[in-house]
Participant: 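Here it is: the structure, laid out below.
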Protein chains: 2
Amino acid sequence: MSFDDTNEWLTPMEMAERCGVSAETLRYYEREGLLDRVARGEGNHRRYSADDVAWVGVLRCLRVTAMPIREMKRFAELVRLGDAGVADRVELLEAHRVEVLAKRAALDDALQMIDHKIDVYRRSLAGPPTADTAGRSTTPTLGGRGVRSRP
Amino acid sequence: MSFDDTNEWLTPMEMAERCGVSAETLRYYEREGLLDRVARGEGNHRRYSADDVAWVGVLRCLRVTAMPIREMKRFAELVRLGDAGVADRVELLEAHRVEVLAKRAALDDALQMIDHKIDVYRRSLAGPPTADTAGRSTTPTLGGRGVRSRP
DNA sequence: CCTTGACTTGGAGTGCACTCCGGGCTGTTG
DNA sequence: CAACAGCCCGGAGTGCACTCCAAGTCAAGG
């Protein structure tokens with residue numbers, strides 16, 4: 001290890017590892033204008049800066065919260081505008097925030113149902129082959145119709 | 001309203017509305033084997049039962065938590081097996097649960113960063129054109145390289 | 001009887017976010 | 001010098017989850 005292990009510049013592979021995305025994806029982001037043209041070193045090879053790492057970190061936050069690339073592109077454009085774009089950035093992020101909160105709420109609801117199902121299944125495993133439970137399904141079945149009038 | 005507003009059977013459109021998915025998607029799920037063949041009424045038209053509604057509710061819980069269709073198919077098969085499939089269902093759901101929890105954690109992390117960014121932007125809007133902040137960018141820029149050695 | 005509208009079918013098409021490909025270049029190693 | 005690793009590029013391909021389409025069927029209404 002060198003005396004300074006925070007290398008000044010990262011190769012595509014290093015960058016990919018550091019950011020948790022493939023080098024291909026980094027190129028794709030650059031093509032799409034999510035990153036400005038990345039600096040180049042010997043033989044026209046990309047060299048990523050610490051700022052690039054930080055910015056890709058932001059991009060990943062937006063992606064992981066399911067922001068579409070199209071909207072990330074718009075965000076990147078607003079960042080390029082500098083201070084002039086701040087108001088719109090707030091607007092964009094707050095709109096996104098609302099969606100993320102909704103998504104999380106839906107996720108939590110679903111998770112609760114899943115937990116409930118696990119619990120029910122567990123119980124049915126704990127004591128199933130007794131006289132009064134044997135042969136009964138423990139799920140709503142996938143479309144089984146109860147006793148009801150003909151369609 | 002009739003004395004019993006829980007209609008016995010639902011048409012595709014009613015079912016779609018009730019479940020929050022398109023009728024096309026319901027057909028797609030049926031094709032994929034996520035639903036058993038749905039009952040038919042006059043003119044071979046589908047008639048969905050209350051059990052179908054419940055089961056599609058389960059499917060939506062799995063989808064909303066990003067379970068791939070392939071795995072939902074497997075879950076449906078395990079449900080078809082009846083009690084014989086319960087142990088595997090528990091296993092499948094618990095594995096999925098772990099992933100959902102991880103996803104939620106990642107989501108919360110990202111959300112925190114987004115909240116932070118909103119906050120920073122807000123501050124820069126509150127008092128920007130003062131002598132000591134004017135002209136400065138409030139973001140890491142999208143790839144701006146600081147003062148550092150050449151690549 | 002004719003139209004309307006909700007449905008049926010298999011198959012094709014869409015949009016998204018990557019992901020891979022083939023051909024070429026360059027700097028390093030044996 | 002030859003082989004190799006790592007990267008360059010534009011463009012094509014992939015997988016997923018729907019979504020749409022054209023042609024046909026059926027029951028009710030005017």
Side-chain angles (χ1 to χ4, degrees), chain A residues 7 9-49 52 56 58-76 96 99 103 106 110 150-151, chain B residues 7 9-49 52 56 58-76 96 99 103 106 110 150-151:
Chain A
N7 268 355
W9 299 92
L10 301 176
T11 67
M13 280 190 70
E14 291 165 345
M15 181 68 174
E17 171 139 16
R18 174 84 59 105
C19 297
V21 299
S22 73
E24 291 287 356
T25 300
L26 289 170
R27 272 198 346 107
Y28 165 68
Y29 282 179
E30 194 177 338
R31 270 210 295 270
E32 292 295 310
L34 267 48
L35 281 75
D36 273 344
R37 185 177 163 79
V38 171
R40 303 306 177 104
E42 314 224 306
N44 197 32
H45 290 190
R46 285 175 182 77
R47 290 300 117 111
Y48 293 91
S49 71
D52 288 328
V56 171
V58 173
L59 292 180
R60 291 319 292 174
C61 278
L62 299 180
R63 270 305 295 150
V64 109
T65 51
M67 181 183 286
I69 297 290
R70 203 170 350 95
E71 205 171 338
M72 290 170 61
K73 213 138 98 185
R74 170 153 164 68
F75 184 66
H96 180 58
E99 298 206 345
K103 192 165 301 246
R150 327 191 66 234
Chain B
N7 268 356
W9 299 93
L10 301 177
T11 66
M13 279 188 70
E14 290 164 346
M15 181 67 173
E17 170 140 16
R18 174 82 61 103
C19 295
V21 299
S22 74
E24 291 287 357
T25 299
L26 290 169
R27 276 201 339 111
Y28 165 68
Y29 282 0
E30 194 177 339
R31 270 209 297 269
E32 292 297 309
L34 267 49
L35 281 74
D36 273 344
R37 184 176 164 80
V38 170
R40 304 306 176 106
E42 314 224 306
N44 197 33
H45 290 190
R46 287 176 181 77
R47 291 297 119 110
Y48 293 92
S49 71
D52 288 329
V56 171
V58 173
L59 293 180
R60 292 317 295 173
C61 277
L62 299 180
R63 271 305 295 151
V64 108
T65 52
M67 182 184 285
I69 296 289
R70 201 171 349 95
E71 206 171 338
M72 290 169 61
K73 214 138 99 186
R74 171 153 164 66
F75 183 66
H96 181 57
E99 297 206 346
K103 192 164 302 242
R150 325 191 67 235

Participant: So, for A:Gly33 and A:Ala76, which heavy atoms are closest and what is the spacing to 0.1 Å?
Facilitator: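 Taking every non-hydrogen atom into account, O-CB, 3.8 Å.
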
Participant: Contact list please: residues 65-73 of chain B against DNA chain D, heavy atoms, distance less than 4.0 Å, in numerical order.
Facilitator: B:Pro68, B:Ile69, B:Arg70

Participant: With rounding to the nearest 0.5 Å, note down the distance linking CE in B:Met13 to CZ in B:Arg18.
Facilitator: 14.0 Å

Participant: Going by side-chain hydrogen bond (donor to acceptor under 3.5 Å, both in side chains), name the residues that satisfy it together with B:Tyr29, two or more places apart in sequence or in a different chain.
Facilitator: B:Arg60

Participant: Rounded to whole angstrom units, what separation is found between the CD atom of A:Glu30 and the C1' atom of C:dC18?
Facilitator: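 The answer, rounded to whole Å, is 16 Å.
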
Participant: Where do A:Glu24 and A:Arg27 land on the side chain to side chain contact (heavy atoms under 4.5 Å, CB included) test, with the steps shown first?
Facilitator: CA-CA 5 Å; A:Glu24 291 287 356; A:Arg27 272 198 346 107; 4.1 Å; yes

Participant: Atom CD of B:Glu32 to atom P of D:dC16: distance rounded to whole Å?
Facilitator: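 Between P of D:dC16 and CD of B:Glu32: 11 Å.
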
Participant: Does A:Thr11 put a side-chain nitrogen or oxygen below 4.0 Å from OP1 or OP2 of D:dC7?
Facilitator: yes

Participant: For residues 66-73 of chain A, tabulate all N or O donor-acceptor pairs below 3.5 Å that involve a side-chain atom, not counting sequence neighbours.
Facilitator:
{"residue": "A:Lys73", "atom": "NZ", "partner": "A:Glu32", "partner atom": "OE1", "Å": "3.0"}

Participant: The helix from C:dC1-D:dG30 to C:dG30-D:dC1: angle between its terminal axes, five pairs each, to 10°?
Facilitator: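 The helix from C:dC1-D:dG30 to C:dG30-D:dC1 shows an end-to-end axis angle of 20°.
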
Participant: I'd like to check A:Arg47 versus A:Val38 (side-chain heavy atoms, cut-off strictly below 4.5 Å). Are they in contact?
Facilitator: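 Answer no - side chains too far apart.
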
Participant: Hey, is the side chain of B:Tyr29 poking within less than 4.0 Å of OP1 or OP2 on D:dA17, counting only N and O atoms?
Facilitator: no

Participant: Output the rounded distance in Å from CD (A:Glu14) to C1' (D:dC7).
Facilitator: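 Those two atoms, CD and C1', are 13 Å apart.
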
Participant: Think A:Arg47 has a side-chain N or O under 4.0 angstrom from the OP1 or OP2 of D:dC8?
Facilitator: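 A:Arg47 to D:dC8 OP1/OP2: no side-chain N or O under 4.0 Å.
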
Participant: Can you tell me the distance, in whole Å, between the CG atom of B:Leu26 and the P atom of C:dT8?
Facilitator: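 Computing the B:Leu26:CG to C:dT8:P distance gives 10 Å.
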
Participant: In whole angstroms, how far is the P atom of C:dC16 from the CG atom of A:Leu34?
Facilitator: 14 Å

Participant: Please give, in whole Å, the distance from C:dC7 P to B:Glu17 CD?
Facilitator: 12 Å

Participant: Please enumerate all residues that pass side-chain hydrogen bond (donor to acceptor under 3.5 Å, both in side chains) together with A:Glu30, with sequence neighbours excluded.
Facilitator: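 With sequence neighbours excluded, A:Glu30 shows a side-chain hydrogen bond (donor to acceptor under 3.5 Å, both in side chains) to A:Arg46, given in chain and number order.
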
Participant: Within a strict 4.5 Å, meaning less than it, do heavy atoms of the B:Val58 and B:Phe75 side chains meet?
Facilitator: yes

Participant: What string of B, S and - do you get for nucleotides 19-30 of chain D, 5' to 3', when a contact is any protein heavy atom under 4.0 Å?
Facilitator: BB-----S----

Participant: Just so I know, are the side chains of B:Thr11 and B:Tyr48 near enough to count as touching, which here means a heavy-atom distance under 4.5 Å?
Facilitator: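 Side chain of B:Thr11 against side chain of B:Tyr48, heavy atoms only: no contact under 4.5 Å found.
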
Participant: Can you spot which of A:His96, A:Glu99, A:Lys103 makes a side-chain hydrogen bond (donor to acceptor under 3.5 Å, both in side chains) with A:Thr65?
Facilitator: A:His96

Participant: Is any side-chain heavy atom of A:Asp52 closer than 4.5 Å to one of A:Leu10?
Facilitator: no

Participant: Below 4.0 angstrom from OP1 or OP2 of D:dA17, is there any side-chain N or O of B:Arg63?
Facilitator: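 Yes, B:Arg63 has a side-chain N/O under 4.0 Å of OP1/OP2 on D:dA17.
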
Participant: Just to confirm, is there a sub-4.0 Å distance from OP1 or OP2 of C:dT9 to any side-chain nitrogen or oxygen of B:Arg40?
Facilitator: yes

